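Below you'll find the structure, written out as structure tokens, and then a few comments.
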Amino acid sequence: MNRPARRRHNPRIFTSPPSALDMNLGSDLAEISEKAGWSLDTWQHVVLEKSSRMDTLAEDGTNPLLAGWTWSASEVGLLTGGQNGKTFLAESRVLGGLFTLGEQIVYTARTRHEARHTFDRLAATIEQAPELGRAASISRTNALITTRNGGLLRFCPRRPAAIDYAIDADLLVIDDAHDIPDEWARAAIHGTPFRRPRSPRRQVWYLGSAVHEDRHPNGRVFTAVRNRGLTGKDPGLCWIEYSVPDRRDENGNLEQDLTDPSVVARANPSPRIDVDYFATMQRVYMPEVFESEICGIGTWPTLEPT
């Protein structure tokens, strides 16, 4: 029986740099998903709107679409429980950036198989949508999609060979961000001594679940992004977190009742996940895995100040 728990579409934690404009491109990005036949959940619309706020490059208040604009947040971090549709949301952002903005996009995954799987799914979606299919060219040999408006989408595993592509991207998507090798991240996100990001509207997306220090040895990058987001003071980071509060008593026990579906739902905004799924995962997973994978409660590594 499908027994949906009540969902909270707005995140428990949201921080973002201020914007001089009361404008975002969330609906424009989501429109392409609708043309592809996709139906976004309410929480996914919320994330697109919060992450796509705009700032003008003009000092005289001129229309930013005419005078030049940039993103209010050059980085976007998203944390939710697993199986809520983070990858689907990332694909929606990618489709919008490709067909609406003509962005140069690099989508990275942990393995070549995962990158190829995402490419195959997105390529099939584009081919089945007549309006999008006519405006795109797909190379299955190179896992590459180009569009008539100059957009380009490349799918890569997080390997050294992908670093130059990542540096040059307008949009860099890092799926499963709780598993990012430190050295790869430093080069791909910030550049190398020989190559630096040059896009005036560059945006990096990190999408992941809570880091479990023992299970995610490459979780330091996502931890650092979250730490910056929690301060609410980072000038370029939009941090969006759906999670159960990690409040504990003097014995270290969680004060939250994780058998209560309404509590667990705080980390799981998708209406497609029902109460029975929560109960099943709680039986199957070890407690610490259930906390990190489903409830957004991590055992985050301690990072030295930089």
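Every value quoted in this text rests on a predicted model; they were computed, and no experiment measured them.
With hydrogens and angles ignored, the 3.5 Å screen pairs no side-chain donor or acceptor of His117 with any backbone N or O of His113. Although no hydrogens or angles enter the test, the distance criterion places no donor-acceptor pair under 3.5 Å between the side chain of His178 and the main chain of Gly208. Judged by distance alone, the side chain of Ser52 and the main-chain N or O of Gly26 form a donor-acceptor pair under 3.5 Å. Arg158 places a side-chain N or O within 3.5 Å of a backbone atom of Thr108 that can act as its donor or acceptor partner. A distance-only check finds no donor-acceptor pair linking the side chain of Thr100 to the backbone of Leu29 [under 3.5 Å]. Between the side chain of Asp234 and the backbone N or O of Gly236, at least one donor-acceptor pair lies under 3.5 Å. When atom types are taken as modelled, the side chain of Ser19 and the backbone of Met54 share a donor-acceptor pair closer than 3.5 angstrom. Side chain of Gln256 to main chain of Val263: no donor-acceptor pair is present (N/O by atom type, distance under 3.5 Å, no hydrogens or angles). Formation of a donor-acceptor pair under 3.5 Å by the Tyr107 side chain with backbone atoms of Thr118 is not found in this model. The backbone N or O of Leu144 sits nowhere less than 3.5 Å from a side-chain atom of Asn142 that would complete a donor-acceptor pair.
Taking a 6.0 Å sphere around CZ of Arg196, one finds it holds more than 12 heavy atoms contributed by other residues, nucleotides or ligands. The 12-atom threshold is not exceeded at CZ of Arg112, counting heavy atoms of other residues, nucleotides or ligands nearer than 6.0 Å. Summarising the local packing, CD of Glu114 is surrounded by more than 12 heavy atoms from other residues, nucleotides or ligands at distances under 6.0 Å. No more than 12 heavy atoms of other residues, nucleotides or ligands sit less than 6.0 Å from atom CD of Glu131.
Taken to the nearest 0.5 Å, the CD1 atom of Ile240 stands 14.0 Å off from the CZ atom of Arg12. The distance from atom CZ of Arg201 to atom OG1 of Thr70, rounded to the nearest 0.5 Å, is 7.5 Å. The CG atom of Leu153 sits 9.0 Å away from the OG1 atom of Thr147 when rounded to the nearest 0.5 Å. One distance of note links CG of Leu122 with OG1 of Thr87; it measures 11.5 Å at 0.5 Å rounding. One distance of note links CZ of Arg220 with CD of Glu213; it measures 8.5 Å at 0.5 Å rounding.
Aromatic ring centroids of Phe290 and Tyr285 lie 6.0 Å or more apart.
Residues Ala36 and Leu132 approach most closely at CB-CD1, 3.8 Å, considering heavy atoms. Considering all non-hydrogen atoms of both residues, Cys156 and Val106 come closest at SG-CG1, 4.2 Å.
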(request) Any chance you could lay out the side-chain contact (heavy atoms from CB on, under 4.5 Å) test for Arg248 and Ile297, step after step, and finish with the verdict? (result) CA-CA 11 Å; Arg248 299 178 184 267; Ile297 301 173; 3.9 Å; yes
(message) Let's go through Gln203 and Arg93 carefully: what are the C-alpha distance in whole Å and the side-chain angles of both, what is the deciding distance for side-chain hydrogen bond (donor to acceptor under 3.5 Å, both in side chains) to 0.1 Å, and is it a yes or a no?
(response) CA-CA 11 Å; Gln203 196 172 57; Arg93 169 65 179 88; 3.2 Å; yes
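Stacking of Arg53 on the aromatic ring of Trp71 is not recorded, the 6.0 Å distance cut-off and the 45° axial limit not both being met. Judged by a 6.0 Å distance limit and a 45° cone about the ring axis, Lys50 is positioned over the six-membered ring of Phe14. Both tests hold for Arg226 against Trp300: distance to the six-membered ring centre under 6.0 Å, angle to the ring axis within 45°.
Within the 4.5 Å cutoff, no side-chain heavy atoms of Lys35 are placed close to those of Leu95. Residues Val225 and Arg228 have side chains in contact (heavy-atom distance under 4.5 Å, counting atoms from C-beta outward).
Applying the side chain to side chain contact (heavy atoms under 4.5 Å, CB included) test between Glu103 and each of Leu98, Asn149, Asp170 identifies Asp170 as the sole match. If you run side chain to side chain contact (heavy atoms under 4.5 Å, CB included) between Trp205 and each of Leu171, Val94, Ile174, Leu172, only Leu171 comes through. Looking at Val244, Leu254, Thr299 one by one, the single match for side chain to side chain contact (heavy atoms under 4.5 Å, CB included) with Glu291 turns out to be Leu254. For the pairing with Asp168, the side-chain hydrogen bond (donor to acceptor under 3.5 Å, both in side chains) check across Arg195, Arg154, Arg202, Gln104 returns one residue only, Arg195. Of the residues Thr80, Asp41, Asn84, the one that meets the side-chain hydrogen bond (donor to acceptor under 3.5 Å, both in side chains) test with Ser270 is Asp41.
The aromatic rings of Trp43 and Tyr242 lie perpendicular to each other, with more than 60° between the two planes, well past the 30° mark.
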